[in-house]
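Below is one structure, written out as C-alpha cells; the observations come after it.
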2 protein chains.
Amino acid sequence: MPPTKVKSAEVPISATRQHKADAEAASHPPAKPRPITRIQREKQDLILEAALEVFSLHGFRGATIDQIAEVAGMSKPNLLYYFPRKEEIHRRLMGELLVTWLAPLREMDANGDPFPEIRSYIRRKLEMARDFPRESRLFANEMLQGAPRIIEMIEVDLKNLVDEKARVLLTWMDQGKLTRTDPYHLIFSIWATTQHYADFDVQVRAVLGPGRGGEGRFEDAARYLEQLFMFGLTPKART
Amino acid sequence: MPPTKVKSAEVPISATRQHKADAEAASHPPAKPRPITRIQREKQDLILEAALEVFSLHGFRGATIDQIAEVAGMSKPNLLYYFPRKEEIHRRLMGELLVTWLAPLREMDANGDPFPEIRSYIRRKLEMARDFPRESRLFANEMLQGAPRIIEMIEVDLKNLVDEKARVLLTWMDQGKLTRTDPYHLIFSIWATTQHYADFDVQVRAVLGPGRGGEGRFEDAARYLEQLFMFGLTPKART
DNA sequence: CTAACATTTTTCCAACTGGTCAAAATTTCT
DNA sequence: AGAAATTTTGACCAGTTGGAAAAATGTTAG
C-alpha cells in the first residue's frame with residue numbers, strides 16, 4: 001500500500017539547491033535522482049522528530065524554524081538545507097502521520113466479531129494516545145485550524161477508509177450482532193474518547209489529581225470505555 | 001458567585017497609560033477608578049470578539065495583534081490602547097470562557113434523576129459545540145499547549161467542580177440508579193464526545209460528506225450519543 | 001590523493017512581531 | 001461654546017521570523 005498520496009514533497013530534497021550540473025549532458029530526462037545518503041536520512045529524521053515536538057505544541061503558525069532547529073541540534077540554515085521551507089516539514093510530518101494514525105482503524109476486521117474488534121480498536125487507539133501523544137496533538141492542532149494543509153487527504157483517504165468501515169459496522173448491525181445505530185458517529189465517539197487522553201492530557205491529570213493522575217489513568221480509561229461501549233452497544237436480548 | 005478568580009486583569013484598563021494626575025491631591029488611596037465609558041465597553045467587546053476568532057484558529061503564539069486588530073476593524077495601536085498587551089486579551093478571554101464553559105456541568109442537579117440529568121447535560125454540551133465552536137477551539141488550543149495560562153484555574157476551579165459532580169454521580173451509583181463505573185472518566189467521555197463536534201468539525205464534515213455533513217449532524221450526534229450513554233449506563237435489570 | 005559532490009557555517013535581508021510615544025482628532029462635561 | 005478628558009492615528013523601534021547566498025568544510029569514489 002503506497003504511503004498515501006503525499007503529492008510533491010517526494011522530491012529528493014537535495015537537487016533543489018544544487019547548481020544544475022546539466023551542462024554535461026541534457027540527455028537523461030529522469031535525471032539521476034541521486035541516491036539519498038546516510039546523513040540525509042539521519043538528519044531528516046532528526047528534524048522531523050524535532051518538528052513533531054514543536055509543531056504539536058504550538059501549531060504550524062506558532063512554531064518557528066529556529067525552535068525546531070534548536071531542538072534538532074543544528075543551525076537554522078542547516079535545517080533549511082534539508083527542508084527548504086517550513087511547510088515541507090509540516091507536510092511530510094502530516095503525510096506520515098495520517099498513515100500510522102489510521103492503521104488501527106484499518107485493522108478492524110470485517111471477518112471478526114464486532115465486540116472483540118471494536119474493543120481492541122479502542123485499546124489500540126488508547127495505546128496510541130498514551131505512547132504517541134505528540135502525534136495526536138499535531139493532528140488535533142491541524143484540525144483546530146481547519147486542516148488547511150491536509151484537507152485533501154481527509155476528504156479522500158480518510159473518508160474512504162471510514163466509509164468502508166462504516167459499511168462493515170452496518171453489516172454487523174444487519175446481522176444483529178450490534179445495536180443498530182449510526183456507524184459514523186460511532187467511529188467519531190471512539191476517536192474522541194481515546195484522543196482526549198492525549199490532547200487534553202493536562203486537564204485529565206489536573207482533574208484526577210496527583211493520586212489518580214498517574215500512569216494508571218490509561219488503564220482506568222480503558223476499563224471505563226470498554227464498559228461504556230460494550231453495554232451501550234449490546235443488542236437487546238436475542239430472540 | 002464571583003466570575004472565578006481572574007487575579008489581576010481586573011484593572012480598569014485605562015489609568016494604566018493615563019498620566020498620573022495625582023499632582024492635585026495624593027489624599028484618596030483608592031484613587032477614583034474612573035468609570036468605564038461606553039466606548040471602552042464597546043471597543044473591548046469588539047476586540048475580545050475578534051481575538052476569540054483569531055486565537056481559536058491559531059492558538060496564542062500563532063495569533064498576531066495585527067490580525068486581531070484587523071478583524072476588530074481598528075489600528076494596532078488603538079487596540080493596544082485598550083489591552084496594553086497581547087496576554088491581557090487572552091487572559092480575559094480565558095477567564096470569561098471557563099465560567100460559561102462549565103455552566104452546563106454546574107447545572108447537573110444532584111436532586112434530579114441521573115438519566116434525565118446526564119442526558120440534558122450531553123445535549124447542552126452538544127449545543128455549545130454547535131453554537132460556540134470558537135470558544136471550544138480556544139479552549140482546546142490552550143489545552144493542547146499544556147494550558148500554560150490557565151493551569152491554575154484548571155487545577156482549582158475546574159477540579160473542584162468535577163470533584164463535586166463526581167460525588168453526585170457516585171451517590172447515584174450507590175442508589176443503584178446508575179451503573180457503577182468511574183465518574184471522572186464518565187465526565188471526560190462526555191466532554192470528549194461533545195467537544196469533538198466543534199474541535200474536529202472539518203473532519204466530521206469531510207467524513208460525513210456533503211449529504212450528511214449538513215446541519216443535521218448535530219441532531220444525529222445527539223441521538224447517537226444518547227443511545228451510547230443510555231444503554232451503556234443503564235444498570236442491569238433491578239432485583 | 002584529489003576532484004566532485006555533500007554538508008555546514010557565516011553573513012545578510014526584508015517582512016513581520018509586539019509594543020511605544022507624542023501629536024492630532026474626537027467626545028464629554030460644564 | 002470651551003476646557004478637559006478620552007480616543008485615534010502615524011511614525012517609529014528593537015527583536016524575531018522565514019529564507020537566500022555564498023563561502024568554508026567534510027566526505028567519498030576513482
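Lettering of chains follows the sequences in order, A, B, ..., and the numbering in each one begins at 1.
The nearest whole Å value for the distance from the CD1 atom in A:Ile47 to the P atom in C:dT7 is 11 Å. In this structure, A:Tyr82 atom OH and D:dG19 atom C1' are separated by 18 Å, rounded to whole Å. Separating the CD atom of B:Glu88 from the P atom of C:dG19 is a distance of 10 Å, rounded to the nearest angstrom. In this structure, A:His58 places its NE2 atom 11 Å from P of D:dT17, rounding to the nearest Å. Between the CD1 atom of A:Ile89 and the C1' atom of D:dG19 there is a distance of 12 Å, given to the nearest Å. If you take CZ of B:Arg41 and P of C:dT27, they are 19 Å apart, rounded to a whole angstrom. As a whole-Å value, the separation of A:Ile68 CD1 from D:dT16 P is 17 Å.
Annotation for A:Phe218 and A:Ala129: closest pair CE2-C, 4.2 Å, computed over non-hydrogen atoms.
Within 6.0 Å of CD in A:Glu70 there are 12 or fewer heavy atoms belonging to other residues, nucleotides or ligands.
The shortest distance between the side-chain N/O atoms of B:Arg85 and the OP1/OP2 oxygens of C:dG19 is below 4.0 Å.
Ring geometry, B:Tyr197 versus A:Phe188: the interplanar angle exceeds 60°, so the pair is classed perpendicular (tilted spans 30 to 60°).
With sequence neighbours left out, B:Asn141 forms a side chain to side chain contact (heavy atoms under 4.5 Å, CB included) with A:Asn141, A:Leu144, B:Gln145. Among residues two or more places apart in sequence or in another chain, the ring pair (Phe, Tyr, Trp, His ring centres under 6.0 Å) test is passed with A:His90 by A:Phe55, A:Phe60.
A donor-acceptor distance shorter than 3.5 angstrom exists from the side chain of B:Arg137 to the backbone of B:Ala198, with no hydrogens or angles considered.
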(request) Indicate for each nucleotide in nucleotides 9-17 of chain C, in 5' to 3' sequence, whether protein heavy atoms under 4.0 Å reach the base (B), only the sugar-phosphate (S), or nothing (-). (result) BB------S
